[in-house]
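Everything below concerns the one structure shown next.
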2 protein chains.
Amino acid sequence: MSLLAINRFGGEAVYSQIARQLENEIQRFYQPGSYLPSEALLAQRFGVNRHTLRRAIEELMQSGLVERSHGKGTRVLDAPIDYTLGQNTRFTELLEAEGMTAVTRILRKLQIPARDGVAKRLGVPENTPVIWLETLRLVDERPYCVISHFVPLQRFPEMLDSYTGGSLHDFILSNYQVSLRRVESLVTATLPLGDDAGLLHMPQHQPVLRVKSVNVDVTTGVPLEYALTRFRADRIQLRICP
Amino acid sequence: MSLLAINRFGGEAVYSQIARQLENEIQRFYQPGSYLPSEALLAQRFGVNRHTLRRAIEELMQSGLVERSHGKGTRVLDAPIDYTLGQNTRFTELLEAEGMTAVTRILRKLQIPARDGVAKRLGVPENTPVIWLETLRLVDERPYCVISHFVPLQRFPEMLDSYTGGSLHDFILSNYQVSLRRVESLVTATLPLGDDAGLLHMPQHQPVLRVKSVNVDVTTGVPLEYALTRFRADRIQLRICP
DNA sequence: GTTATCGGCATGTCTAGATGAGTTTACTTG
DNA sequence: CAAGTAAACTCATCTAGACATGCCGATAAC
């Protein structure tokens with residue numbers, strides 16, 4: 001274990017040094033899901049007041065490393081998930097490969113006319129009816145992303161009624177015998193809009209990664225799904241391999 | 001002016017009530033850029049301890065409403081920009097486009113020992129001397145991204161003195177006859193840290209895209225550069241074509 | 001066996017005060 | 001008048017202590 005020397009005169013705030021030290025220890029010695037020692041204990045160990053220690057832990061919470069719960073303790077969170085963007089990478093598979101369970105919750109299922117962005121990306125005329133499917137994905141009970149899917153209604157007429165959860169791509173594959181392939185992704189970041197912060201259980205001031213992607217029929221190349229995904233930026237890391 | 005009644009027994013935290021009250025007053029009576037009364041004054045006005053009032057102001061900072069500066073005061077910020085989808089998507093740029101007509105300004109050029117993250121990605125032992133090059137890129141006078149480059153000192157001994165700007169990859173190519181190839185990128189988003197907000201001329205509460213990338217010698221596959229880029233998220237959109 | 005209660009321990013909130021450090025203002029001095 | 005300096009004002013950090021509130025397991029009552 002490295003020295004836990006807190007330098008009180010070096011200019012750097014004590015709580016900041018403690019935060020760094022704790023971050024280090026967490027990444028080395030703690031399993032996700034395990035609990036930190038209590039604030040009182042940690043304060044004693046570092047030789048600081050409990051308030052100072054709490055300030056340090058607040059830093060760790062900001063960076064999404066730990067989570068406090070009243071009466072229980074401070075829990076170490078999972079490391080951000082590595083999401084490899086490729087042609088066939090699918091969220092569900094990716095997580096199940098890591099031994100995590102992904103749950104998809106349907107938030108909205110509507111028929112709407114395609115506006116410019118959606119119409120353009122799906123390659124259909126404006127006002128063509130499309131299905132707007134809004135889903136929330138959770139991994140081990142914790143929300144990871146909100147996705148707005150847009151698919152042409154004509155192509156998947158029964159989806160409005162019969163899709164009730166699970167992998168959308170699997171649903172399309174088994175009901176329509178069509179495989180999808182990702183052709184392009186646009187990535188940017190914003191602060192969460194609308195209900196996203198609430199749905200993702202995150203503060204309004206922390207950013208989300210927005211990924212726009214178009215999926216085409218793997219055989220014909222026709223665009224069949226346009227998806228706009230908002231990931232909690234502190235829980236996801238996109239890996240791009242050229 | 002509305003009543004400023006703080007209910008100390010209603011279950012809601014005092015700081016939270018004050019935050020709400022202040023938010024209300026700010027939106028009604030304060031111009032962006034103006035300063036709030038000092039913490040001591042506000043604490044007196046609400047009849048609470050200064051720490052409690054500071055906690056309330058922290059809430060306001062979290063929601064990006066105000067900004068504190070040491071010694072000056074607490075300033076009301078501009079209303080958050082409404083991110084309309086597609087408004088800024090004209091800035092679409094390829095991540096690969098290194099040779100843009102961008103101006104590169106060198107912020108720092110130092111020799112440091114490689115710490116764990118840098119050492120691991122460059123495949124060198126810890127504390128190996130590396131060059132830490134911090135650059136700011138501007139397009140049309142507007143700051144675009146800040147990049148921290150790390151290259152092994154031993155491999156590029158003269159770079160500390162002779163690199164004075166322009167494309168780093170071109171510099172390496174013409175001085176060392178080595179072409180670089182990007183092997184992987186990790187993308188996430190955070191709020192700007194350190195001086196980044198100031199350098200990028202953006203508010204603290206708007207996110208940056210962080211891209212970690214490793215560049216290797218195109219012939220040998222040896223990692224030669226590790227770069228951590230922070231893009232203004234409102235000016236960039238990464239396009240990923242699998 | 002099941003339920004209720006209670007105590008110990010965790011985090012959450014609030015107060016009080018001291019000191020440090022950056023910024024601005026006003027005054028003093030040359 | 002100008003420059004330098006000191007005071008006053010700002011936020012920043014740290015300490016100390018008190019009490020509230022939520023969680024959980026152990027024990028007691030049913």
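It should be emphasised that the depicted structure is a prediction, and the values quoted were computed from it without experimental measurement. So you know, we letter chains A, B, ... as the sequences are listed, proteins then strands, and number each from 1.
- In this structure, A:Ile18 atom CD1 and D:dT13 atom P are separated by 13 Å, rounded to whole Å.
- Residue A:Phe46 contributes atom CZ, which lies 13 Å from atom P of D:dC14 at whole-angstrom precision.
- Looking at which nucleotide of DNA chain D each of B:Leu41 and A:Val48 is closest to, the 5′-most match is held by B:Leu41.
- Side-chain atoms of B:Arg182 and B:Ser213 form a donor-acceptor pair, as typed in the model, at a separation below 3.5 Å.
- Ring geometry for B:Phe171 versus B:Tyr163: interplanar angle over 60°, hence perpendicular rather than tilted (30 to 60°).
- As judged by a 4.0 angstrom heavy-atom cut-off over every strand, B:Arg54 is placed among the base-contacting residues.
- The base of C:dG20 sits with one of its N or O atoms less than 3.5 Å from a complementary donor or acceptor on the side chain of B:His70.
- When the side-chain nitrogen and oxygen atoms of A:Ser69 are compared with OP1 and OP2 of C:dT11, none of them lie within a distance under 4.0 Å.
- Going from atom CD of B:Glu39 over to atom C1' of C:dT15 covers 16 Å, rounded to whole Å.
- Residue A:Lys72 has no polar side-chain atom (N or O) positioned under 4.0 Å from OP1 or OP2 of D:dG22.
- Scanning atom types as modelled, one donor and one acceptor separated by under 3.5 angstrom connect the side chain of A:Arg50 and the base of C:dG12.
- As a whole-Å value, the separation of A:His51 NE2 from C:dA18 C1' is 15 Å.
- At whole-Å resolution of the value, CZ in B:Arg55 and P in D:dC11 are 18 Å apart.
- Regarding B:Leu53, its CG atom lies at a distance of 11 Å from the P atom of C:dC14, rounded to whole Å.
- Judged purely by distance below 3.5 Å, without hydrogens or angles, the side chains of B:Arg108 and B:Ser148 never pair a donor atom with an acceptor atom.
- Between A:Ser38 and C:dA10, a side-chain N or O to OP1/OP2 separation shorter than 4.0 Å is present.
- Taking the six-membered ring for Trp and thresholds of 30 and 60 degrees, B:Tyr144 and B:Phe231 have ring planes more than 60 degrees apart, a perpendicular arrangement.
- Following rounding to the nearest Å, B:Glu58 (CD) and C:dC14 (C1') show an atom-to-atom distance of 14 Å.
- The side chain of B:Tyr15 places an N or O atom within less than 4.0 Å of a non-bridging phosphate oxygen (OP1 or OP2) of C:dT13.
- Note on A:Tyr35: nothing from the nucleic acid sits closer than 4.0 angstrom, heavy atoms only.
- Residue B:Pro37 is the one, among A:Ala13 and B:Pro37, whose nearest nucleotide of DNA chain D lies closer to the 5' end (criterion: closest heavy atom).
- Between B:Arg20 and B:Asn24, the side chains place no donor N or O within less than 3.5 Å of an acceptor N or O (distance only, hydrogens not considered).
- Residue contacts for B:Thr52: at a heavy-atom cut-off of 4.0 Å it reaches a base atom on one of the strands shown.
- Regarding A:Arg8, its CZ atom lies at a distance of 12 Å from the P atom of C:dG20, rounded to whole Å.
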